[in-house]
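This report refers to the structure that appears directly beneath it.
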Amino acid sequence: MFFPLFIEVIIPLFLPKNYTWAVPAQMQAAVQPGVRVEVQLKNKRYAGIVKKMLDKKPEEFEPKEILNVLDTEPVVYPQQLDLWQWIARYYMCSEGEVMQAAMPANLKLSSESILIWNEERSYDFSDLTDSEYVVAEALELKKELRLNEVQQLLDASNVYPVIKKLIEKGVCHVWEELKEKYRSKTETFVTLHSKYNNEDELADLLNNWSKAPKQMELLLSYLHLVKTEGEVTQPKLLKKSNATAAQLKGLCEKNILVLEKRATDRIRLLPRDIQIDFTLSAAQQKAFDEVQQGFSEKQVCLLHGVTASGKTEVYTKLIEACITQGKQVLYMLPEIALTSQIIRRLQKHFGGYIAIYHSKFNPNERVEIWNKVKTGETKVVLGARSSLFLPFKDLGLIIADEEHDASYKQQDPAPRYHARDAAIYYASLNNARVLLGSATPSIESYYNCTQQKYALVQLDERYGQVELPQISVIDIKKVPAQDKGKVALSPSLIAAIDTSLQQQKQVILFQNRRGYSPYLICGTCGWIPQCRHCDVTLTYHKAKNSLACHYCGTSYPVINTCAACGSHNFNQKNFGTEKIEELVAEAFPNARISRMDYDSVKGKNDHDALIKLFEQQRIDILVGTQMVVKGLDFEHVNLVGIIDADGILNFTDFRVNERAFQLMEQVSGRAGRRDGKGTVLIQVSNPMHPVLQFVKEHDFTRLFQFELANRKQFDYPPFTRLIQVIFKHKEKHIAEEAANIMMQGLKKDFGNECNGPAQPVVDRVRNQYLWEILIKLPKDAARINLCKREIQQQIVIIQSNKRYRGVTILPDVDPV
DNA sequence: AGCACGCCGACT
DNA sequence: GTCGGCGTGCTC
């Protein structure tokens, strides 16, 4: 006797809520939460994941039946489903969108439409139009056609009307086919036929060999390979013996060798042993003990360790402790693709226990890692933010390294989640611990420590007691300028570079703008070329001889005539890395200079190659953008120059001071990491800026207190979420309404700046223009509250819209 | 995501 | 008069 069974299914689409299907009696035994089921929605088929079992039939609609159950065991654990739900609610998206981001593409199935020829139809095509006839004729021949074949046939993108007509006229019908995309990798292995396992038989065979010398050679190669490598694959054997597949086939037909296809792992397994070949320094050991102590009381611990203090060694010990207890560890890094240094170090220590996972992996490999994590075979995952979605079986610890890094937050496709916050939630589901590590913690994490929510561990001495670099500020206003513009390289910086070069040391020059000059300005009327799509000034690139928008990437030819007054005298303003490189080359003609920015390192390999050159001291001066900061440990740098700190101190981000401190601290951290004290020179036109004082003293605590006093709120969920709404809404009126209300709240203070029709406003939001307005807000608590009230009102309106029914907007960023 | 439906501008 | 653009809405 079967009870009627209904299931809530997550479909990888943006749907306002999850839909319900009925389960036919014969499938009820196989259905459980976490398995994939094949369902029909509208007229497409999807593979969805069962979220919940329901025993009552929904009243408002008549559920359709599912078509198939695709798995015998769940592909995700219940915690995954819980995490997806949390992310969907917290970041205002559908669970389907989370699923889309979470699952490897090859575990998702998609349907492919196939047209099937209707045999019963008469062969009279007289009632068909030209394009219908073309398809019908092909169908008659092939009996079935795929959608993309029809597209090729008609050479038109819009084939649906034609297909619809053909169905109406009874020429064919449509079949939707779900396809499993994951394929296991098979390799052909070669083995000796069992009768030659006997030594005598084998010797007999070899001694009495008459014809086919090439086959003999092949057999000997095989015997050699077996001895040296144990297992022999077909391509390896053929390569070694330089033989053809036909010759191998000959041996097989004589029943001497046997070919066998076997599924193999794509992931090459290193030996599974742990090698810890270092001991912690006293300071590191103390930090390690404190973290352990912290974990016994709190779920989350923040490890605040100055640059080059050796946090990685502490992590390594913690990972070791965790896996010896049989638990799994997730080590998250903001941008995994760029940190081969850490990958190498951890692989050395944990060998086959560790797997690397990020979105650049090929889809089949990702499925294999997914499964290995699910069975618990893989103990340590080193990955980018997406690795948070892996189905850990027994998770003990999550490490979020460089915790402050903004790339933990996914910006563009939904779900716009913050991997650090989501990790804390996920860990709480698994009763696992979270270690946040950074030399420059985010204000919100540090705040949570002061509120006793997280444990705090300080590691404030560099490894080997190397001193922190000496930081000096150069007032660029006091440097006499040759022309009207600012000076890029002050005499003190030049002198310092000179000294470093003489000492055979390396220099990093940091300039946070790529290109040659960040903007052009008309010398006659002051007009500045801007991007057509974004309210952003265009940067002049000398190498490409073009103007580029650094926001949307559009490239324009160089403008010589002013669009406003028609004159031809443009001035180049400020300097980007390209120009700095040029100036440095002029000043130091004998030095080896390289540039590292988005333009000069296109591929991952370029980046690695440049790092290697620098490590091997084949470059003396490296000019670069933020890129020079990412997880790199250079030993011979003793001077870092920050060319233009003004640009950093005026970030167009509402976390101005926080970001400025982080960046300057991280950049200076590159200096004097191993031998001797490093020097940092900061060129700035406002040397009294408070953040500079904190940087000089390496004093994060003072920055934190400064921010706390100046900023009562750390994030503005209504703002961020509203912007997300505006971003994602195709329905213009909602976006307009939302933007308008937001603008009304802001207009009083910023006058006509925010006036105008709503569409440009939405565009400005997209261009982060609005952020520039928002950053001015935190200074006045009363004004924030005013705006927040208005925006919250707007959110109520958005919530009452039926598309957002069932979506909760939580009032706080706190994930726990 | 797809696809249907519906409402306005440019055409045989 | 219709064709076709995309803005809006619905799918269990």
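Below, each value reflects all heavy atoms present in this structure, side chains not excepted, and no hydrogens, waters or symmetry copies. Proteins come first, then strands; the chains are lettered A, B, ... in the order of their sequence lines, and each starts at number 1.
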Look at the side-chain N and O atoms of [X] and state whether any lies under 4.0 Å from the OP1 or OP2 oxygen of [N].
X	N	result
A/Lys44	B/dC3	yes
A/Lys64	C/dC12	yes
A/Tyr46	B/dG2	yes

Find the distance [X]:[atom1] to [N]:[atom2] and express it as a whole number of Å.
X	N	atom1	atom2	answer
A/Glu62	C/dT11	CD	P	14 Å
A/Ile11	B/dA1	CD1	C1'	11 Å
A/Gln40	B/dA1	CD	P	19 Å
A/Lys52	C/dC12	NZ	C1'	15 Å
A/Lys57	C/dC12	NZ	C1'	12 Å
A/Leu13	C/dG9	CG	P	18 Å
A/Ile10	C/dT11	CD1	C1'	17 Å

Fill in the blank from the handout: The single option from A/Asp82, A/Val76, A/Ile10, A/Thr20 that satisfies side-chain contact (heavy atoms from CB on, under 4.5 Å) with A/Lys51 is A/Ile10
Problem - Pair A/Tyr417 and A/Phe389, ring centroids less than 6.0 Å apart - result: yes
Handout entry: Residue list, side chain to side chain donor-acceptor pair (under 3.5 Å) with A/Ser407, at least two apart or on another chain
Key = A/Glu335, A/Asp405
Handout entry: Residue pair A/Ile7 / A/Ile66, side-chain heavy-atom distance below 4.5 Å
Key = yes
